[in-house]
Amino acid sequence: MSRLEATFAALKAEGRSAFVTFITAGDPDHASSLEILKGLPDAGADIIELGMPFTDPAADGPAIDLAAHRALHAGANMKQTLSMVRDFRAGNAGTPIVLMGYFNPVYAYGIDRFVTDAADAGVDGLIIVDLPPEEDEELRLPANKAGIDVIRLATPTSDDARLTTILDGASGFVYYVAVAGVTGGKSATTEDIKAAVDRIKAQTDLPVAVGFGIRTPEQAGSVASVADAAVVGSAIVQTIASGLDESGKATAGMVKDVLDFTRHLAEGVRTAKQEKGCC
Amino acid sequence: MALNSYRTGPDEKGHFGKYGGRYVSETLMPLVHDVERAYREALADPDFQKELDYLNRVYIGRPSPLYYAERLTEHLGGAKIYFKREELNHTGAHKINHAIGQVLLAKRMGKTRVIAETGAGQHGVATATVAARFGLKCTVFMGAVDIERQKPNVFRMKLLGAEVQPVTSGSATLKDAMNDALRDWVTNVHDTFYIIGTVAGPHPYPMMVRDFQSIIGRETREQIMEAEGRLPDSLVACVGGGSNAMGLFHPFLDDADVAMYAVEAAGHGVDTDKHAASITGGRAGVLHGNRTYLLQDEDGQIIEAHSISAGLDYPGIGPEHVWLHEQGRVNYVSATDDEALEAFQLCCRTEGIIPALESSHGLAHIIRTAPSLPKDHIVVLNLSGRGDKDIFTVAAALGQEI
């Protein structure tokens with residue numbers, strides 16, 4: 001059983017949904033980012049999405065765009081992202097890590113080399129936002145072979161026919177992008193999210209995670225009540241940004257503040273009751 | 001082995017060989033499919049073609065003339081030089097050709113708002129123009145750096161009723177404007193059509209923009225037959241994303257005797273880190289919806305391009321160009337900022353035409369090569385835009401105050 005399957009199965013037994021956190025690898029610098037990453041499971045993260053920094057993150061809003069540039073400015077690259085995962089795995093065998101980002105840095109690294117090194121480091125899944133089902137075979141097939149899930153995305157613009165395309169070849173979980181827009185923007189209503197999750201679940205047995213526009217413990221809790229997982233990204237990344245001094249260096253309390261904020265969000269998810277029939 | 005035809009691409013998924021495709025976020029995929037469906041329906045609709053032909057004629061002023069550049073020919077003393085005068089189009093460049101086609105499609109799809117990215121401002125002006133003409137709301141994304149160096153076009157867009165949205169992320173130039181346009185599009189999918197300004201982006205854009213621009217090459221064929229009774233020996237065009245070059249070249253691709261030269265912006269030189277020559281100095285990657293050649297570092301991070309000409313200042317190129325390069329059908333060469341500046345001035349003084357700095361790169365290649373070519377060698381340059389917008393940049397480069 002993969003780490004993702006084991007995590008969702010264990011949470012199902014507990015009767016609660018997963019809390020998924022996103023940070024960008026190397027933001028604001030390698031050491032602080034690694035410290036945050038290592039602290040996330042204790043702060044309540046059930047699954048971690050780790051952003052692979054890219055110069056041109058056209059599907060992201062300002063918070064994650066700036067995070068990517070901070071990381072790159074501090075010298076982040078794919079090798080270091082994978083070494084962060086390896087260092088994390090040395091002390092944590094159970095929390096799934098999903099690398100999230102854009103195709104070009106993966107392609108430049110070399111697809112075969114990437115899936116080998118990623119699997120070796122302990123990566124469980126990939127979300128490549130600019131690689132739709134029509135184009136993902138060249139990564140998905142070797143990744144799956146190496147035991148890595150390629151997570152497909154569904155959105156408010158996905159009709160039932162499109163969902164069929166999206167779900168054909170999906171594994172790990174399905175990531176429902178709750179609003180048409182970039183990360184860190186508008187929020188969807190719980191009713192809309194529930195309707196979308198139900199529609200996806202009518203076509204698949206995979207868990208459905210929901211992200212985009214979730215900022216507070218309350219929002220995370222209400223999403224968790226209607227989906228298998230709630231994802232928070234920009235709000236956590238903004239806490240990192242708030243903990244930097246004028247020159248962009250991490251201040252002494254930054255890591256603690258980020259993990260405290262994460263803990264609050266996790267409480268929102270953990271106290272949420274899953275709706276009957278959900279998940 | 002030579003192909004039977006170079007004009008059959010792309011395949012149904014939008015690939016030119018390995019290049020092109022549709023690399024956009026899932027939210028945009030249904031929309032990109034819709035654009036393709038609407039475009040194919042429009043192509044089959046005689047009324048669409050009729051309206052396009054009419055507007056090409058009476059609004060843009062087509063056909064644009066094919067002009068024998070007699071004094072430049074004499075000055076260089078070799079090949080016989082013709083200019084395809086796209087700078088005489090309404091709004092002063094070839095960009096209006098694809099803007100008018102795309103706005104008709106936007107109307108047809110029931111969209112009420114159009115967005116565009118722009119570098120030099122020519123595509124932004126063209127988009128603002130057609131948006132005004134058809135009563136659509138218009139937002140143009142433009143890098144803050146480009147806004148500074150292309151002030152006249154910024155004011156033009158505002159006069160035309162467009163909102164010009166300054167882009168400060170990344171290098172604050174064309175690629176970043178395209179990022180922000182994509183961010184806007186994904187947020188406003190319900191009412192917005194993205195008018196892309198070059199033969200790049202997700203399928204069907206490279207094909208669609210090429211088709212709308214191919215009127216340049218089709219007219220050139222007829223006009224040169226009328227003027228010379230034969231096809232030209234060579235075609236020359238500048239290339240950034242590559243819309244004007246593709247428009248001139250495409251109708252000639254299967255004429256084996258017509259040589260083609262696409263001139264990339266070499267900036268300070270292709271052996272420096274300040275250029276915009278994606279074919280000469282880039283390698284395969286994925287950005288802005290397509291697989292193509294990109295300026296990038298070994299980690300796959302996109303490198304900022306540099307060119308004196310804002311319209312060529314982009315770290316990528318249309319995917320069909322990459323395919324034509326790898327097939328060996330089109331020659332990709334380059335010209336530096338300095339060569340383009342010299343060509344700009346020579347064109348002003350010998351022909352009484354102020355060319356765009358973009359087009360001056362094509363002219364620079366002709367200046368380099370024409371003297372050693374025989375006098376019966378016919379070369380056609382796509383004079384893709386006029387240079388009035390560039391006079392401040394040129395003055396600064398020449399150390400003069402206006």
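Chain naming here is simple, since letters A, B, ... match the order of the sequence lines and numbering starts at 1 in each.
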side-chain contact (heavy atoms from CB on, under 4.5 Å) with B:A276: which residues, sequence neighbours excluded? B:A265, B:A305, B:S307
Heavy-atom contact with chain B under 4.5 Å, split by part of A:P156: neither
Checking heavy atoms, do the side chain of A:V182, its backbone, both or neither come under 4.5 Å from chain B? both
Heavy-atom distance under 4.5 Å to chain A: side chain of B:A284, backbone, both or neither? both
Please list, chain by chain and in numerical order, all residues satisfying side chain to side chain donor-acceptor pair (under 3.5 Å) with B:Q122, sequence neighbours excluded. B:N153
For B:I302, is it the side chain, the backbone, both or neither that has a heavy atom under 4.5 Å from a heavy atom of chain A? both
Contact origin within A:I128 toward chain B - heavy atom pairs under 4.5 Å: neither
By a 4.5 Å heavy-atom criterion (distance strictly below it), what part of B:V24 contacts chain A: side chain, backbone, both, or neither? backbone
Which bit of B:I303 comes within less than 4.5 Å of chain A, counting heavy atoms only: side chain, backbone, both or neither? neither
Please determine, among A:P53, A:A108, A:G181, A:P62, the option with the most heavy-atom pairs under 4.5 Å with chain B. A:G181
Which region of A:L72, side chain (C-beta onward) or backbone (N, CA, C, O), has a non-hydrogen atom less than 4.5 Å from a non-hydrogen atom of chain B, or is it both or neither? side chain
With sequence neighbours excluded, residues passing side chain to side chain donor-acceptor pair (under 3.5 Å) with B:H321: B:Y332
Enumerate, including both backbone and side-chain atoms, all donor-acceptor pairs under 3.5 Å from chain B to chain A.
{"from": "B:H15", "atom 1": "NE2", "to": "A:E135", "atom 2": "OE1", "distance (Å)": "3.1"}
{"from": "B:H15", "atom 1": "NE2", "to": "A:E135", "atom 2": "OE2", "distance (Å)": "3.2"}
{"from": "B:R22", "atom 1": "N", "to": "A:E135", "atom 2": "OE2", "distance (Å)": "2.8"}
{"from": "B:Y23", "atom 1": "OH", "to": "A:E135", "atom 2": "OE1", "distance (Å)": "3.3"}
{"from": "B:E26", "atom 1": "OE1", "to": "A:R162", "atom 2": "NH2", "distance (Å)": "3.1"}
{"from": "B:E26", "atom 1": "OE2", "to": "A:R162", "atom 2": "NE", "distance (Å)": "2.6"}
{"from": "B:E26", "atom 1": "OE2", "to": "A:R162", "atom 2": "NH2", "distance (Å)": "3.3"}
{"from": "B:T27", "atom 1": "O", "to": "A:T157", "atom 2": "OG1", "distance (Å)": "2.8"}
{"from": "B:H33", "atom 1": "NE2", "to": "A:E134", "atom 2": "OE2", "distance (Å)": "3.0"}
{"from": "B:K175", "atom 1": "NZ", "to": "A:D56", "atom 2": "OD1", "distance (Å)": "3.2"}
{"from": "B:K175", "atom 1": "NZ", "to": "A:D56", "atom 2": "OD2", "distance (Å)": "2.8"}
{"from": "B:N179", "atom 1": "ND2", "to": "A:D56", "atom 2": "OD2", "distance (Å)": "2.8"}
{"from": "B:R183", "atom 1": "NE", "to": "A:D60", "atom 2": "O", "distance (Å)": "2.7"}
{"from": "B:R183", "atom 1": "NH2", "to": "A:P57", "atom 2": "O", "distance (Å)": "2.7"}
{"from": "B:V186", "atom 1": "O", "to": "A:G181", "atom 2": "N", "distance (Å)": "3.3"}
{"from": "B:V286", "atom 1": "N", "to": "A:N104", "atom 2": "OD1", "distance (Å)": "2.8"}
{"from": "B:R291", "atom 1": "NH1", "to": "A:Y107", "atom 2": "OH", "distance (Å)": "3.0"}
{"from": "B:R291", "atom 1": "NH2", "to": "A:E138", "atom 2": "OE2", "distance (Å)": "2.2"}
{"from": "B:Q296", "atom 1": "OE1", "to": "A:N104", "atom 2": "ND2", "distance (Å)": "2.9"}
{"from": "B:D299", "atom 1": "OD1", "to": "A:M78", "atom 2": "N", "distance (Å)": "3.0"}
{"from": "B:G300", "atom 1": "O", "to": "A:N104", "atom 2": "ND2", "distance (Å)": "2.8"}
{"from": "B:Q301", "atom 1": "OE1", "to": "A:T55", "atom 2": "N", "distance (Å)": "2.9"}
{"from": "B:Q301", "atom 1": "NE2", "to": "A:P53", "atom 2": "O", "distance (Å)": "3.0"}
{"from": "B:I302", "atom 1": "N", "to": "A:T55", "atom 2": "OG1", "distance (Å)": "2.9"}

